[in-house]
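Notes follow the structure.
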Amino acid sequence: MLPQSLLILTSLCLAFASLDLVAAAPVFRAGAATSNITPTIAVESGARTSRPPATHVHDELQARCLVLDDGEAKLALVVCDLRHISAEVAAAAKVIIEKTTGIPPQCVVISATHSHTTGGAKLEEREGEPYFEYSAFLTRRIADGVLRAHNQFEPAQIGWGVVEEPTQVFNRRWFVKPERGPIYGAHDNVEKVDTNPGYSGLLRAAGPVDPQITFVSVRSTSGKPISLLASYGLHYVGGVPPNTISADYFAIFADRVGELLGADRHQDPPFVGIMANGTSGDVNNLERYSDEELAKRGPQPKKKYQPFEKAREVADLCASKVMEAHKTLKWHDHVKLASVQRTLTFERRHPTKEEVAWAESVKAKRIKPMSTSRYSTYATVLAYASPDMPPTIDVIVQTHRIGDLAVATMPFEVFAEIGLELKQRSPIQPLMNISIANGAHGYLPTPEQHKLGGYETWIGVNHVQLDASVKMVNALVEMLGELAVKKP
Ligand SMILES: [Zn+2]
């Protein structure tokens with residue numbers, strides 16, 4: 001084991017406070033803006049993307065930005081309509097944001113929704129490849145969005161709440177009946193759980209879901225809605241035609257919640273709805289039940305959905321739930337903001353002896369893989385075994401305090417149970433989790449889930465040491481503790 005190095009960067013995002021203004025009551029301000037980040041279409045045939053290039057845009061992709069200011073500290077929250085956000089793009093955007101607005105990087109969250117139909121936006125491409133051009137564009141557009149939100153600061157009131165929508169989240173990892181036969185893993189090992197295992201022969205889900213939608217809402221002092229940012233632990237919905245770019249249900253929610261709040265489409269500046277991804281690494285929108293539960297439910301009408309219909313349904317449900325709670329929201333004229341950031345250094349995931357032996361045998365054509373060609377190949381295992389791979393990965397985690405609401409950000413596709421544990425242990429309640437934030441370093445299962453196996457636990461889609469989630473949750477709880485002792 002390499003020694004864990006833990007670089008700690010803790011800071012209050014102090015803006016310039018003039019000593020002459022001691023008597024003046026601090027004014028809470030907010031601003032929101034969207035910045036179009038849709039990539040070009042039908043010109044990337046040379047790009048190494050995981051799917052065919054997009055030839056159509058159904059709805060424009062946006063970086064949705066909300067910036068808050070308590071008179072001393074500021075906080076910028078950005079959610080991009082992207083499958084992933086690379087750490088490099090987030091870091092580069094933060095450099096520009098600090099230059100143009102003075103907001104330091106630890107007070108800026110840049111996350112991705114995880115829409116799967118964002119043009120196959122593989123944003124980790126190496127320099128010189130076509131997508132690198134998009135990374136530069138994306139960096140500037142994110143920074144522009146934050147600056148525009150900052151330019152539109154106005155005195156504001158803020159409130160937050162938590163609602164539940166348990167009907168749209170399903171754990172996708174299942175124990176299955178033995179008669180279905182063995183489940184083959186990353187090196188043709190036999191695993192205990194299967195990811196997306198079909199719809200029959202299921203015993204029980206391997207993990208929980210988080211049914212909560214946590215949201216924060218800001219309005220002008222005259223009552224005009226400025227922005228609402230929500231977070232829900234749902235991977236994405238889908239139902240998008242092939243080769244089409246779409247921001248999925250996240251964008252429909254953003255629109256719908258504005259309508260329900262009575263935001264005028266032509267108000268100035270426009271209302272900005274935002275839906276972030278909570279902790280959904282193992283949670284999707286495909287209804288799966290055990291055989292036992294299916295027998296109880298009896299024959300169900302199987303609805304055939306038109307493109308985008310399901311995404312609209314989920315978005316409408318979530319927006320309505322948020323609206324119910326919004327009617328009785330407690331509004332605050334002023335809350336304090338504070339942020340704590342740390343860089344955690346994890347050992348990179350290293351293949352086991354068995355995995356390497358299997359991969360070498362496949363490469364030498366001594367054996368044919370059983371079922372692993374679905375996701376993982378021998379080449380991934382060999383690449384991870386290479387001494388050229390950096391031995392550690394630095395990741396950024398953040399906690400923020402918005403009055404009595406806490407926000408935790410994680411740069412992974414985080415399993416639901418990790419988010420639930422964090423919510424349970426947070427000394428500040430409620431807690432909003434935002435995943436795929438400030439980087440995207442693969443799936444993050446717990447050590448217990450690693451023992452069960454399944455796609456998300458495989459090397460290549462999981463990049464870090466097997467107990468990374470334990471270290472990350474402990475760090476975030478400590479950081480929330482640091483925020484809790486600061487006066488709200
Ligand atoms: Zn995904």
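Here the structure is a predicted model, which is why all the values come from computation and not from measurement. Counting begins at 1 with the first residue of the sequence. When a ligand or atom number is given, it counts from 1 through the structure's own listing order.
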Electrostatic pair [X]-[Y], nearest N-O below 4.0 angstrom:
X	Y	value
Glu456	Arg173	yes
Arg256	Glu259	yes
Asp282	Arg172	no

Kindly write out the residues that satisfy side chain to side chain donor-acceptor pair (under 3.5 Å) with Glu324, not counting sequence neighbours, or none if the list is empty.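 Glu324 satisfies side chain to side chain donor-acceptor pair (under 3.5 Å) with no other residue.
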In this structure, which one of Ser35, Cys65, Cys80 forms a side-chain contact (heavy atoms from CB on, under 4.5 Å) with Ile142?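 Between Ile142 and the candidates, side-chain contact (heavy atoms from CB on, under 4.5 Å) is satisfied uniquely by Cys80.
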May I ask you to determine how many protein N/O/S atoms are under 2.8 Å from the Zn ion (ligand 1)?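 Step by step: take the Zn ion (ligand 1), keep protein N, O, S below 2.8 Å, and you get 3.
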In the structure I gave you, are the side-chain heavy atoms of Thr457 and Asn462 within less than 4.5 Å of one another anywhere?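 A side-chain contact under 4.5 Å is absent here.
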